[in-house]
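This report concerns only the one structure given below.
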Amino acid sequence: MCDTPAQHASAAHPSVLQLAALHHFRTYIDIAVVVVVLAITNLVAHFTTPWASIATVPAAAVGLLVLVRSRGLGWSELGLSREHWKAGAGYALAAVAVVTTVVVIGALLPWTRPMFMNNNYATVSGALIASMIIIPLQTVIPEELAFRGVLHGALNRAWGFRGVAAAGSLLFGLWHIATSFGLTSSNVGFTRIFGGGMVGTMAGVVLAVAATAVAGFVFTWLRRRSGSLIAPIALHWSLNGMGALAAAMVFHLST
C-alpha cells in the first residue's frame, strides 16, 4: 500500500509533528490568557469602584483583540472580515425584527407585563440613554468583541465549533454572575415569583446564568452562520436595549 503525501511528509519530516504540537500548545495558552483576563475584568468592573465598570470591559475587549491579532488570528476568525458584512446585516435585521415582536407582545400582555418592570428603566429618558448609548458601548459591543470575536476565534482553533458552543456559552453564562445578584430585587415580576432574601437572590443568579448561557449559544450560532459579529451584536442589543425600552413603556402604561 502506498503512503499518502501527508503520511510521507510526516515520516520524512518529524519536525512537522513538533510544530503542530507547538501550535496547539500556543492556542491553549491564548485561550487561558483570554479567560483569565476576562475573569479579572469582571471582578474589577463589578467589585471595585462604580467608575471601573464604565471603561474596564471595553478596554479589556480592545486589549484582547490587539493581543490575539498579534498572535496570528485573522479578521475572518474574529468575525470582523468585510466579506461577511452583508450576511451579518441580513441576519441582524431578522434577529431584531423577531425580538422586537416578542418584546412588544410580552409587554402588552397582562400576565407577562410584570416581567418587564425593571426599576432601572422606570423613565423613558433613562431607558433611551441606556438602550442607545450605555448598553451598546459599555456592554453589547465589548462583550461580543470579547466572546464572539476573540474567545470564539481562539476556541475554534483548538476545538472547532462544538468547543466554541460548549465552552464559550458556559463562560458567557458565568460572566453574568456578578450582574445577576440584584435581578430579583429590581424586577417586580421576578420578585413575585422568587421572593426576596438569599433564596430569591440565588434563584436570580441561577436563572441569569442559565438564560445567558443559552443566549450565548444562540449568539455563537449566529456568529458562525453569518461569519460576522454584526448579527450577534444586533441580537444582543435587541434583547438588552429593547428590554429597557419595554420596561419604560410598561411603567408608563401602569401609571
Closest approach of [X] and [Y], non-hydrogen atoms and distance?
X: Leu38; Y: Ala146; result: CD2-CB, 3.9 Å
X: Leu78; Y: Val150; result: CD2-CA, 3.8 Å
X: Gly168; Y: Leu155; result: N-CD1, 3.8 Å
X: Ser226; Y: Ala87; result: O-CB, 3.7 Å
X: Leu73; Y: Ala154; result: CD2-N, 3.7 Å
X: Ile177; Y: Val205; result: CG2-CG1, 4.3 Å

When rounded to the nearest 0.5 angstrom, what distance separates [atom1] in [X] from [atom2] in [Y]?
X: Phe25; Y: Asp30; atom1: CZ; atom2: CG; answer: 10.5 Å
X: Trp175; Y: Ser180; atom1: CH2; atom2: OG; answer: 13.0 Å
X: Met132; Y: Ile129; atom1: CE; atom2: CD1; answer: 11.5 Å
X: Tyr121; Y: Ile135; atom1: OH; atom2: CD1; answer: 4.0 Å
X: Leu239; Y: Thr100; atom1: CG; atom2: OG1; answer: 9.5 Å
X: Thr41; Y: Leu64; atom1: OG1; atom2: CG; answer: 6.5 Å

- Tell me, please, whether Phe172 has Arg148 positioned over its six-membered ring: NZ or CZ under 6.0 Å from the ring centre and within 45 degrees of its axis? yes

Between [Y] and [X], is there a side-chain heavy-atom distance shorter than 4.5 Å?
X: Leu80; Y: Leu145; answer: yes
X: Thr220; Y: His152; answer: yes
X: Gln138; Y: Val57; answer: no
X: Ile134; Y: Thr139; answer: no
X: His176; Y: Glu143; answer: yes
X: Phe181; Y: His46; answer: no
X: Trp75; Y: Arg69; answer: yes
X: His84; Y: Ser76; answer: yes

Any link between [X] and [Y] through a network of hydrophobic side chains (Ile, Leu, Val, Met, Phe, Trp, Tyr) touching at under 4.5 Å?
X: Val218; Y: Ile230; result: no
X: Phe147; Y: Tyr28; result: yes
X: Phe161; Y: Tyr91; result: no
X: Leu229; Y: Trp85; result: no
X: Val66; Y: Val34; result: no

- Is the backbone of Ala165 close enough, under 3.5 Å, to the side chain of Trp221 for a donor and an acceptor to pair up by distance? no

- Query: Is the number of heavy atoms from other residues, nucleotides or ligands within 6.0 Å of CZ (Phe217) greater than 12?
  - Reply: no

- Task: Report, as yes or no, whether the 6.0 Å neighbourhood of atom CZ on Arg224 holds more than 12 heavy atoms from other residues, nucleotides or ligands.
- Result: no

- Query: Do Phe219 and His236 have ring centres separated by under 6.0 Å?
  - Reply: yes

- Task: Please assess Asn156 against Glu77 for the test side chain to side chain contact (heavy atoms under 4.5 Å, CB included), listing each intermediate value before the final yes or no.
- Result: CA-CA 8 Å; Asn156 191 59; Glu77 291 179 287; 5.8 Å; no

- Task: Kindly determine whether Val96 and Leu235 satisfy side chain to side chain contact (heavy atoms under 4.5 Å, CB included), including the steps that lead there.
- Result: CA-CA 6 Å; Val96 172; Leu235 178 57; over 6 Å; no

- Criterion side chain to side chain contact (heavy atoms under 4.5 Å, CB included) on Leu109 and Arg113, from CA distance to verdict: CA-CA 6 Å; Leu109 293 176; Arg113 186 179 299 167; over 6 Å; no

